[in-house]
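Written below as structure tokens is the structure these notes are about.
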Amino acid sequence: MELSSDPVGASLEMSQVKSNDEPSDSDYESLPPHVSVATHMTAGAVAGVLEHTVMYPVDSVKTRMQSLQPEPNAQYRSVYQALKRIIQTEGMLRPLRGLNITMIGAGPAHALYFACYERVKRSLSDVIQSGGNSHLANGVAGSVATVLHDAIMNPAEVVKQRMQMYNSPYRGIWDCLQTITRNEGLGAFYRSYSTQLTMNIPFQAVHFITYELMQEQLNPHRLYHPGSHIASGAAAGALSAAITTPLDVCKTLLNTQENVALSSVNVSGHLSGMANAFRTVYRLGGLAAFFKGAQARVIYQMPSTAIAWSVYEFFKYFLTKQRHEREAGPRPR
């Protein structure tokens, strides 16, 4: 189904027809080889910051709902009930705790993420499909981009999740950074890196393959159509989030080092390693424990991924349009 009836897309198509100085649809689709890395990095950075900030309160709820042995006051039946109780008992700003460190990490992480994705996707597509769309290229590109993204975001994730937990002992991000470094060493910031990669590589592979597959159906000519980018992004985010929830539960345990849960299974010191995390989660709650917070995770990822893709595609279109106008020079009067 082609979304040419979309009013925004239609107006953009009309504006493109009106002037040869503006980028054509084929220019927009062939953006990667013609546009600088800075364009992709700028678009990716803005998209990443918005992705993580707009739905951040739901992410806070997800972290708490994944607690394996929550305190009575931190046991929630639904995302709405959790947000309502947190605001009523802990204050209006409590669901935003840790947002600042997330924004600091999300900008550069997503800048590298999208720039790497576009570059690798284009290079592999040229080899595999002679420049055409390749699901294999999309999946590999997403996986490679994830390695760079997680190297930057993992320390921010550790601090963020510790700030999000119920009765978090840290006064702020600087206090959290200092305390973790002093008590657990710098390695604590990458204790969950292998688990994060194990989760995010299949997450991003499914994510990008789903997004590109839906774009083939909703937007076969690859015009700039916000509706198709939002729908494709939301579907990709929901499917990827649901599939990888068990690994996310393990990652949360490694990041938060939940004391009550670890003590109950006689884990002394700090838990490390994906295999140990899997065993601990199973011992504490069986198979059901691997899907704790799944509802919140899907609710968070659907709009977040839709926002990221729609903002990224908009910036690609906008920056390309600006470049064409500069190259064309001033229009004759």
For this session: Walk me through it: do Arg64 and Tyr76 pass the test side-chain hydrogen bond (donor to acceptor under 3.5 Å, both in side chains)?
Result: CA-CA 9 Å; Arg64 292 196 182 193; Tyr76 313 109; 3.1 Å; yes

For this session: Walk me through it: do Arg297 and Thr244 pass the test side-chain hydrogen bond (donor to acceptor under 3.5 Å, both in side chains)?
Result: CA-CA 10 Å; Arg297 180 166 162 79; Thr244 57; 2.7 Å; yes

For this session: Just do the salt bridge (Lys or Arg N to Asp or Glu O under 4.0 Å) check on Arg122 and Glu118 with the steps written out, would you?
Result: CA-CA 6 Å; Arg122 175 62 59 174; Glu118 293 284 1; over 6 Å; no

Exercise. Which is it for Ser67 and Glu258 under the side-chain hydrogen bond (donor to acceptor under 3.5 Å, both in side chains) test, yes or no, and what are the steps along the way?
Worked result: CA-CA 8 Å; Ser67 175; Glu258 195 180 344; 2.5 Å; yes

Exercise. Stepwise, does the side chain to side chain contact (heavy atoms under 4.5 Å, CB included) test hold for Thr89 with Asn73?
Worked result: CA-CA 9 Å; Thr89 60; Asn73 291 333; over 6 Å; no

For this session: Would you check, one step at a time, whether the test salt bridge (Lys or Arg N to Asp or Glu O under 4.0 Å) holds for Glu157 with Lys251?
Result: CA-CA 10 Å; Glu157 280 284 315; Lys251 182 207 76 173; 3.0 Å; yes

Exercise. Where do His225 and Ser232 land on the side chain to side chain contact (heavy atoms under 4.5 Å, CB included) test, with the steps shown first?
Worked result: CA-CA 11 Å; His225 282 308; Ser232 300; over 6 Å; no

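Enclosure of atom OH in Tyr282 is not indicated, since only 12 or fewer non-hydrogen atoms of other residues, nucleotides or ligands lie within 6.0 angstrom.
The line from CG of Leu83 to OG of Ser60 is 8.0 Å long, rounded to the nearest 0.5 Å. Atom-to-atom distance recorded for Gln217:CD and Gln215:CD is 10.5 Å, nearest 0.5 angstrom. Annotation: the span from Thr245 atom OG1 to Gln66 atom CD amounts to 7.5 Å, rounded to 0.5 Å. With rounding to the nearest 0.5 Å, the separation of CG in Leu262 from NE2 in His270 is 10.0 Å. Within the model, atoms CG of Asn200 and CG of Asp150 stand 4.5 Å from one another, a figure rounded to the nearest 0.5 Å. The line from CD1 of Ile201 to CG of Leu247 is 11.0 Å long, rounded to the nearest 0.5 Å.
Contact of the Ser192 side chain with the Asn154 side chain is registered, since non-hydrogen atoms from C-beta on lie closer than 4.5 Å. Residues Asn100 and Ile173 form a side-chain contact, since some pair of their non-hydrogen atoms from C-beta on lies under 4.5 Å apart. The closest side-chain heavy-atom distance from Thr102 to Thr53 is not below 4.5 Å. Put simply, the side chain of Leu136 does not reach to within 4.5 Å of the side chain of Leu124, judged on heavy atoms. You'll find the side chain of Met165 reaches within 4.5 Å of the side chain of Thr63, heavy atoms only. Between Val54 and Ser304 the shortest side-chain heavy-atom distance does not fall below 4.5 Å. Using a 4.5 Å cut-off on side-chain heavy atoms (C-beta onward), Leu177 and Tyr170 make no contact. The shortest side-chain heavy-atom distance between Leu271 and Gln257 falls under the 4.5 Å cut-off.
Among all heavy-atom pairs drawn from Val249 and Ala289, the shortest one is CG1-O, 3.6 Å. Residues Pro57 and Leu96 approach most closely at CG-CD2, 3.8 Å, considering heavy atoms. For the pair Gly172 and Arg97, the tightest heavy-atom approach, listed with the atom from each and the gap, is N-NH2, 4.2 Å. Residue Lys62 comes nearest to Gly293 through the heavy atom pair CG-O, 3.8 Å, listed as atom of the first residue, atom of the second, then distance. Contact between Cys250 and Thr195 at its shortest, heavy atoms only, is CB-CG2, 4.2 Å. Closest heavy-atom contact between His207 and Ala236: O-CB, 3.3 Å.
In terms of hydrophobic clustering, with Ile, Leu, Val, Met, Phe, Trp and Tyr side chains grouped at heavy-atom distances under 4.5 Å, Val144 and Val147 are assigned to different clusters. Residues Tyr56 and Met153 do not share a hydrophobic cluster, clusters being chains of Ile/Leu/Val/Met/Phe/Trp/Tyr side chains in contact below 4.5 Å. Residues Ile180 and Tyr193 fall within the same hydrophobic cluster, defined by Ile, Leu, Val, Met, Phe, Trp and Tyr side chains chained together at heavy-atom separations under 4.5 Å. Taken together through direct or relayed side-chain contacts under 4.5 Å among Ile, Leu, Val, Met, Phe, Trp and Tyr, Met274 and Leu68 form part of one hydrophobic cluster. Under the 4.5 Å side-chain heavy-atom criterion for grouping Ile, Leu, Val, Met, Phe, Trp and Tyr, Leu254 is not connected to Tyr190 through any hydrophobic cluster.
Each of Gln164, Gln161, His52, Gln301 was checked for a side chain to side chain donor-acceptor pair (under 3.5 Å) with Asp59, and the lone residue meeting it is Gln164. In summary, of the residues considered (Tyr224, Tyr211, Tyr312), a side chain to side chain donor-acceptor pair (under 3.5 Å) with His229 occurs for Tyr211 alone.
Side chain of Arg162 to backbone of Pro169: no donor-acceptor contact under 3.5 angstrom is found. Side-chain atoms of Ser264 come within 3.5 Å of backbone N or O of Ala261 as a donor-acceptor pair.
Ring orientation note: the planes of Phe114 and Trp309 are nearly perpendicular, at an angle over 60° on the 30°/60° scale.
The pair Arg222-Glu212 counts as a salt bridge, with a side-chain nitrogen and a carboxylate oxygen less than 4.0 angstrom apart.
Pairs of residues two or more places apart, or lying in two chains, never qualify as salt bridge (Lys or Arg N to Asp or Glu O under 4.0 Å) while including a residue from residues 270-292.
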